[in-house]
Structures are given as structure tokens and as C-alpha cells.
Amino acid sequence: MAELNNFIQQLRAIGKSNGHRYLVFISGPQAWGQGLLAACDIQAQSTLLLAANPILGLSPRLAKKCLGQEFATVLIDAYSAQAVDDWLAAAGTLHAGGVLLVLCPEFEAWPVYFQAHSDAASDNVDSFFLKRFLKKMYGAAGVYHIDHRQDIDAQLSSKLPVLKPSPWTPVLPSSEQDMTVDAIARVAMGRAKRPLVIRSDRGRGKTSSLGIAAARLLREGICKRIAICAATIHSVDAAFRQVQELLPSGEAFDSGFRFKDCEFIFVSPFELNFDGDWDLIFVDEAASISVSLLQEFLNHPRVVFATTVHGYEGSGRGFDIRFKDILNRERPQWRRIELREPLRWAADDPLEKCLDEAFLLSAEPSPADGTADFRIRVLNKEDLAQDAILAQVFGLLVQAHYQTSPRDLQYMLDSSSVIIVAECGQCIVGVCQLIPEGGLSAELTVAIITGQRRPKGHIVAQRLAHIKADSCYGQSRSYRVNRIAVVSESRRHGIGRGLLQVAEQFAKVNGAAYISSSFAATSDVIPFWLRNGFKALWLGSKRDASSGAYSLIVAKPLSEEMEFNFKTMQQELLQGLSLTTRHVHKSIAADVLVALSAAKSDYWPELRSDFIVARRYCDGELFFEQAAASLTRMCNSLNFEGHADAELAIYALILGEDWSRLSARYQLSGRLSVEKRLRNLFQEIIEYHMREEKL
């Protein structure tokens with residue numbers, strides 16, 4: 001035990017000098033491992049514990065609430081703490097000289113233990129994910145393994161890392177941080193509508209740079225009120241620490257910091273009032289926020305987005321691909337800056353390298369070598385055991401989905417999911433992940449319907465059974481499309497459609513009654529599903545904390561019974577939206593309602609009289625107030641997709657925005673200008689139906 005403590009202390013000293021961090025596995029019975037660690041000098045105040053229960057007098061903490069903090073030791077009790085995203089979040093808090101201690105079963109037994117305690121249900125006895133992880137750990141630089149079955153002294157002898165001749169010395173703030181702060185100041189002082197995007201990997205001082213810039217702008221009186229948005233206030237602790245350190249005469253309060261008559265305030269991203277008197281807005285970890293919500297921030301003239309490129313928070317690469325097009329279109333003068341040099345450890349840190357490889361943090365899809373000839377196939381476990389294939393599949397999901405994290409890698413390898421890929425030559429250009437659902441017992445399904453049970457998984461099957469009080473949705477076998485992605489340069493070539501067709505065929509062959517998906521309802525995603533024969537069945541009543549959007553369930557029937565059921569459910573959803581937008585879905589985006597309208601009939605006979613009223617309104621015979629009811633019924637009943645100013649009509653008639661707000665939103669001079677656009681829209685709709693001989 002004394003040898004282990006001495007070894008760890010030497011690791012710390014060498015790591016501090018080299019700018020490195022190290023990983024030590026202690027594998028064996030839980031009580032033995034805790035006894036071994038009890039003899040080590042582990043300081044409570046500088047240690048982060050991930051565990052279900054206290055260990056060595058340490059209290060467990062939530063890793064993601066410690067983001068931005070620094071620790072000398074991270075102790076993971078892998079017997080009880082299995083969330084891999086938390087492992088990475090905790091590792092990111094270690095500074096140079098820090099040691100990551102993992103208390104775990106013997107390596108041969110760990111994959112079976114891990115799988116038995118995982119919620120990634122599978123037919124596999126052991127965890128393929130953990131087997132791959134341990135394979136990457138064997139022989140990796142900076143990784144040490146203490147096995148209870150072997151002599152500890154022998155395992156530790158002659159294994160210390162080499163001490164560099166020159167000690168590593170961090171320079172804070174770094175030159176890259178100085179340039180970033182200057183770039184942020186230009187956003188605040190320069191021309192409006194020129195947003196800045198800050199990109200970095202973890203540990204590069206991104207959040208601290210926001211705090212340094214805020215302190216400078218408040219001290220110099222350039223800004224009076226700055227908002228900083230993120231998923232939680234804990235994730236921006238580093239920014240507030242910088243502000244407090246640089247402005248010691250200021251005062252901290254619950255959600256912010258006050259300096260003289262200036263304020264730096266944390267606000268949840270989907271609760272920010274853009275009409276507030278903000279001089280500048282920071283959006284930290286922008287990759288974890290949906291593109292539709294990020295787009296709303298562009299309404300403010302001065303905004304800074306910061307994102308982690310690779311990490312557990314979400315995919316900054318996906319953010320780049322999807323948000324860049326919007327920035328180019330709406331704010332062509334936007335700028336980007338990158339922080340490459342780590343601050344809390346050296347560039348050659350062994351811990352960062354081995355975790356990056358084990359969790360595929362830098363995975364990216366291979367550049368497509370063509371799209372004309374692609375083939376689609378279902379992968380097997382042997383395919384996913386090949387790192388070249390796995391890296392492409394996971395890299396594509398990272399690129400396409402903003403919330404993809406290493407936990408998804410675990411689920412891909414350990415769950416009963418089905419991976420379908422589209423390939424051009426040796427390049428994977430499309431991925432579809434299917435999750436089996438349903439097949440639940442009659443007893444369990446009844447408990448779900450009555451709200452007594454909510455078992456893990458079966459997201460769509462449970463939801464449909466509950467809302468329709470019909471056990472067929474839970475008892476029937478089905479498949480849910482959990483993720484689908486196509487590389488950006490290969491889109492609009494039918495690859496996504498082809499993936500869904502193969503997924504549908506696979507579901508049919510395996511006896512499924514329907515195939516479904518559940519996702520954040522945004523206007524850029526909904527049309528894809530409707531075009532491919534899926535029906536919109538259910539819209540969530542609460543916005544997702546990360547995306548800021550309502551969840552939408554879509555499904556495609558694979559049996560006659562489900563065909564009738566889904567058609568009825570879609571009609572009920574679309575008709576019900578006219579009653580729920582003011583109360584349940586009052587924060588829904590207008591473009592989402594327009595996208596959903598594509599599922600409506602082109603013409604409903606009962607609207608004939610409303611068309612007459614609309615025509616009279618367009619001709620100036622009726623005031624808006626006299627025609628409002630008919631115009632609203634048309635908005636609720638017709639497909640508005642593809643019509644100019646459809647969103648304006650939704651805001652005016654469905655979401656009930658007043659004339660002044662509408663004028664400001666569309667930069668119009670007032671009510672008369674708004675009504676002119678409305679009349680043009682409804683005239684276009686009337687003429688369309690006349691051409692189609694539907695009136």
C-alpha cells in the first residue's frame with residue numbers, strides 16, 4: 001500500500017513537470033480496492049468522486065456540475081458509476097499532474113459486469129464497448145494497471161514515465177485567448193450583425209475567454225448588460241471565476257455578477273428574452289443546442305457562439321456543418337476563431353490521447369468519392385469490430401447530430417440496435433440506426449397505459465400505447481429509427497430515402513407492424529419524414545431542455561390496421577394543433593407549423609365559404625377583423641408549405657402576434673404593410689386552388 005501511494009505521488013510530480021495526466025486502473029474486489037486507496041494520500045478538497053455511495057470519506061458529485069472546475073484526482077468507482085459521458089466530463093477537470101483512478105473488476109470479468117448493470121439492453125452477455133475500451137488501454141502511454149492477483153511492488157517497478165528535461169510552464173491567459181478576447185471585443189464595439197464563433201477542444205480556455213472578455217467590456221463601460229447562455233450555470237463557472245478575479249470590487253449574486261451599474265448574467269438559452277436590453281450575448285457549448293434555437297440568437301445584433309469540437313457535451317463538428325450554412329446565408333460577415341493549445345495540460349498529454357482514441361472523440365466520416373453508385377447493407381458485429389468502419393459510422397453520426405456523445409458509441413456497440421449503411425466505394429456516406437421496440441407483455445402494456453409503469457426504452461411504443469389506450473402499439477413488434485445521417489456533400493442524392501427503404505424492408509421481414517422515429521420537431525427535418533410516407537402522430541407538450549424544440553413522433557404503417565390508425569391519429573394531431581398552440585404549444589416555431597401543414601389535405605370542402613371571405617378580404621371589401629375567423633380556419637386546414645409569407649400568416653393568425661411585433665419581426669413599417677403581405681399570400685393560395693380546379 002505504501003508503494004502504491006509513493007508511486008502515485010511520483011506520478012503527480014512527474015506529471016506536473018511534464019504537463020501530463022495519468023490513468024491508473026485498480027482492478028479487483030471492491031473492498032480490496034477501497035482498502036488499497038485508503039492508504040493513499042488523496043485530498044478530499046481536490047478530488048472528484050464518481051460513485052453511488054461515499055468512499056474514503058469522499059462524497060459523490062455530479063461530473064457535469066463540476067465542468068470548469070479543476071481537480072488533482074478523479075476517482076471513478078466503476079462498480080457503481082457506469083455513465084461514460086460522466087467519465088469523460090470528470091477526466092476533463094484534471095489539471096497537469098492529475099491522476100484518474102478507476103476502481104473496477106478484473107479486466108476479464110469487467111465487460112460481463114458492465115453489461116449486466118447497463119441499461120443498453122442486448123442479447124450479448126458481455127459489453128463489446130468495454131472490450132474495445134480495454135483493448136485500447138493495454139500498452140497505452142500513461143496508463144497503469146494494478147491487479148489484485150499480482151504482486152503490487154512488481155507491477156509498479158520501473159514503470160514511471162520519463163521526466164522531460166525542461167518543465168512545462170503554462171502561460172495564462174494564452175496568446176490564443178488574448179486574440180479571442182480581442183475578437184469578442186470587436187463584436188461588442190464593431191459593426192452589428194457580425195457574430196463570432198469560437199471553436200476548441202476541451203481544456204483550451206474557451207469559457208474562461210468569455211469571462212475575461214466580459215470583465216474587460218464591463219470595466220471599460222463598453223457593455224452594460226451581457227448575457228451568457230448555456231445548458232446549466234455550473235458549466236460556465238470558469239467564466240464567472242474570471243470576472244470575479246478581474247473585477248474584485250464587483251458583487252456576485254444568484255445568477256450573475258454586478259460591477260457598478262453593469263451586469264453579467266446567466267440565462268437558459270431557451271428562456272432568453274431577445275427584447276431585453278442586452279449589449280452582448282454569449283452562447284457557450286452551442287453544439288449542445290439545436291440549430292433552430294441557435295438561429296433565433298441571430299436576431300440579436302451582437303452575439304458570440306462558443307463550442308467544443310469533440311467531447312461529451314455534443315458535437316461541435318455537427319454544429320459546424322449545419323450552422324455554417326445558416327451563418328453564411330443570414331450573417332455573411334460572421335467570423336471564426338479557434339483555440340488549439342491546451343491550458344491545463346501539455347499538448348502531448350497521454351490521457352487526452354488515449355481517451356480520444358478509446359471514445360472516438362475525433363472521429364469523422366471519410367470524404368465521399370462519389371454518390372452516383374452507392375450500395376446499402378446491414379452491418380454485423382464483425383463489421384463494427386473494425387475500427388476503420390466504426391470510426392466512419394460514429395464520425396458521421398457526430399457530424400450530423402448535435403447531441404451525439406460517447407454514450408451513443410456504447411449503445412451502438414452494446415444494444416440490440418441495427419446499423420444500416422450506404423457506401424460509395426470504401427466510404428460510408430449514410431447511416432441509419434434502428435432500435436427494436438414493442439413485443440411487450442399484455443400485463444406490462446396495460447400498466448403503461450394506466451401510467452403505472454415506464455420501463456426503459458420502447459419510447460414510441462410506450463407513448464402510442466399510453467396516449468391511445470391501445471395495447472396493440474406496445475405488444476406489436478416495431479422498429480424505431482434512432483439516428484439517420486448522410487454526409488453533407490452526398491445529400492439530395494436519394495441516400496436518406498434509400499436507407500429508410502432498407503430499414504422498412506428489414507422491419508417487415510422481422511415481423512414489425514410499423515416503423516417510427518422520435519426527434520426534435522424542426523422545419524428542416526419534418527419534410528424528410530413526410531416525403532417518405534411517415535405520418536406525424538404526436539407532438540410533445542414540453543420543449544426539450546437542450547434543443548428548445550418539441551418532440552415529434554412519426555411512424556409508417558406496415559399493416560392495414562396500422563394504416564387506418566395512423567391516418568386517424570395524424571388528422572387528430574393536425575386538427576388539435578389549432579386548439580393547443582395558444583396554451584400547450586405556445587412556444588412552437590411558425591416554420592414548424594408550416595412544415596407540419598404539408599401533411600394536410602390540399603382542400604377541405606367545408607372551407608368553400610372561407611375561400612369566398614378570403615377573396616373579399618384580398619379585394620379590400622372586408623377588414624381583417626371581419627375575415628380573421630375564415631383566414632384562421634384556412635391556416636389550420638390547408639398545406640401552406642412552399643407559399644411565400646406562410647410563416648407570417650402563422651404568426652398573425654395562429655400564434656396571435658400583434659401588429660407591432662409582426663412589423664418588427666419582418667422589418668415592415670406597420671399594420672398596413674403586414675396586411676399587404678397577408679393579402680398577397682391569400683391571393684396566391686386562392687389562385688393556386690383555382691388553377692387546380694378545386695373550388
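- A donor-acceptor pair under 3.5 Å is absent between the side-chain atoms of Ser541 and the main chain of Val584, judged by distance alone.
- Annotation: Arg497, atom CZ; neighbour count of heavy atoms from other residues, nucleotides and ligands within 6.0 Å does not exceed 12.
- The shortest distance between side-chain heavy atoms of Asn482 and Ile459 does not fall below 4.5 Å.
- For the 3.5 Å distance criterion, the side chains of Tyr666 and Arg677 fail to qualify, holding no donor opposite an acceptor.
- With respect to Asp85 and Arg407, no salt bridge is recorded, no charged nitrogen being found less than 4.0 Å from a carboxylate O.
- Panel note: side chain Tyr473, backbone Ile467; no donor-acceptor pair is recorded below 3.5 Å.
- Gln462 and Glu437 are not linked by any side-chain donor-acceptor pair at a separation below 3.5 angstrom, with hydrogens and angles left out of the test.
- Between Phe640 and Cys635 the shortest side-chain heavy-atom distance falls below 4.5 Å.
- Counting heavy atoms from C-beta outward, Leu668 and Leu662 have side chains that stay 4.5 Å or more apart.
- Atom CD1 of Ile420 and atom CD of Gln501 lie 11.5 Å apart (nearest 0.5 Å).
- Using a 4.0 Å cut-off between charged nitrogen and carboxylate oxygen, Glu563 and Lys567 do not count as a salt-bridge pair.
- A distance of 6.0 Å or more separates the ring centres of Phe305 and Trp334.
- A pairwise comparison of heavy atoms in Ala521 and Val592 identifies O-CG2, 3.4 Å as the closest pair.
- Although no hydrogens or angles enter the test, the distance criterion places a donor-acceptor pair under 3.5 Å between the side chain of Arg582 and the main chain of Ile654.
- A heavy-atom distance below 4.5 Å is found between the side chains of Arg336 and Arg199.
- Of the charged side-chain nitrogens involved, at least one lies within less than 4.0 Å of a carboxylate oxygen, so that Glu572 and Lys468 count as a salt-bridged pair.
- Between the side chain of Asp408 and the backbone N or O of Ser405 there is at least one donor-acceptor pair closer than 3.5 Å.
- Annotation for Ile419 and Met412: closest pair CD1-CG, 3.8 Å, computed over non-hydrogen atoms.
- Separation of atoms NZ (Lys556) and CD1 (Ile515) is listed at 8.5 Å; rounding is to 0.5 Å.
- Inter-residue side-chain proximity for His689 and Ile685 is flagged as met; some heavy-atom pair is nearer than 4.5 Å.
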| request: Begin from the C-alpha positions of Met562 and Ser476 and carry the test side chain to side chain contact (heavy atoms under 4.5 Å, CB included) through to its verdict. | output: CA-CA 10 Å; Met562 290 300 175; Ser476 298; 4.1 Å; yes

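- Not one N or O on the side chain of Lys508 forms a donor-acceptor pair closer than 3.5 Å with the backbone of Tyr514.
- In terms of heavy-atom proximity, Leu537 sits nearest to Ala555 at CD1-CB, 3.6 Å.
- Within the 4.5 Å cutoff, the side chain of Leu552 has no heavy atoms near those of the Trp529 side chain.
- Judged purely by distance below 3.5 Å, without hydrogens or angles, the side chains of Glu285 and Thr307 never pair a donor atom with an acceptor atom.
- No hydrogens or angles considered: a donor-acceptor pair under 3.5 Å links the side chains of Arg454 and His466.
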| Full working for side chain to side chain contact (heavy atoms under 4.5 Å, CB included) between Gln433 and Val418 | CA-CA 6 Å; Gln433 182 185 32; Val418 179; over 6 Å; no

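- Distance check: Phe323 CZ to Leu294 CG gives 5.0 Å after rounding to the nearest 0.5 Å.
- With hydrogens and angles disregarded, no donor-acceptor distance shorter than 3.5 Å links the side chain of Arg483 to the backbone of Leu397.
- Listed for the Asp414 side chain is a donor-acceptor partner under 3.5 Å among the backbone atoms of Phe129.
- Between Val431 and Leu499, the closest heavy-atom pair is N-CD1, 3.6 Å.
- The NZ atom of Lys324 sits 12.5 Å away from the CD1 atom of Ile326 when rounded to the nearest 0.5 Å.
- Between Arg679 and Asp619 there is no salt bridge, since no side-chain nitrogen of the basic residue lies less than 4.0 Å from a carboxylate oxygen of the acidic one.
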| task | Evaluate the side chain to side chain contact (heavy atoms under 4.5 Å, CB included) criterion for residues Ile435 and Tyr411: first the C-alpha distance (whole Å), next the side-chain angles of each, then the deciding distance (0.1 Å), finally the verdict. | result | CA-CA 10 Å; Ile435 304 289; Tyr411 274 56; over 6 Å; no

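- In terms of heavy atoms, Gly430 sits closest to Ile495 at CA-CG2, 4.3 Å.
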| Evaluation steps, side chain to side chain contact (heavy atoms under 4.5 Å, CB included), between Ser518 and Trp538 | CA-CA 9 Å; Ser518 176; Trp538 177 84; 5.7 Å; no

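- When all heavy atoms of Asn639 and Ala598 are compared, the closest pair comes out as OD1-CA, 3.4 Å.
- For the pair Leu539 and His585, the minimum side-chain heavy-atom distance is below 4.5 Å.
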| CA sep, side-chain torsions, deciding dist, call: Glu330, Gln295, side-chain hydrogen bond (donor to acceptor under 3.5 Å, both in side chains) | CA-CA 9 Å; Glu330 299 191 13; Gln295 193 169 359; 2.5 Å; yes

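- Between the side chain of Asp645 and the backbone N or O of Leu648 there is no donor-acceptor pair closer than 3.5 Å.
- Side chain of Arg633 to backbone of Leu607: no donor-acceptor contact under 3.5 angstrom is found.
- Side-chain contact check for Gln683 and Glu687: at least one donor-acceptor pair (N or O, by modelled atom type) lies under 3.5 Å.
- One side chain, Tyr617 or Glu675, offers a donor N or O that lies under 3.5 Å from an acceptor on the other.
- The backbone N or O of Ile428 lies less than 3.5 Å from a partner atom in the side chain of Gln392, making a donor-acceptor pair.
- The distance from the CG atom of Leu631 to the CG atom of Asp610 is 8.5 Å, given to the nearest 0.5 Å.
- Between Ser597 and Leu638 there is no side-chain heavy-atom pair separated by less than 4.5 Å.
- If you take CG on Leu464 and CG on Asn565, they are separated by 10.0 Å, rounding to the nearest 0.5 Å.
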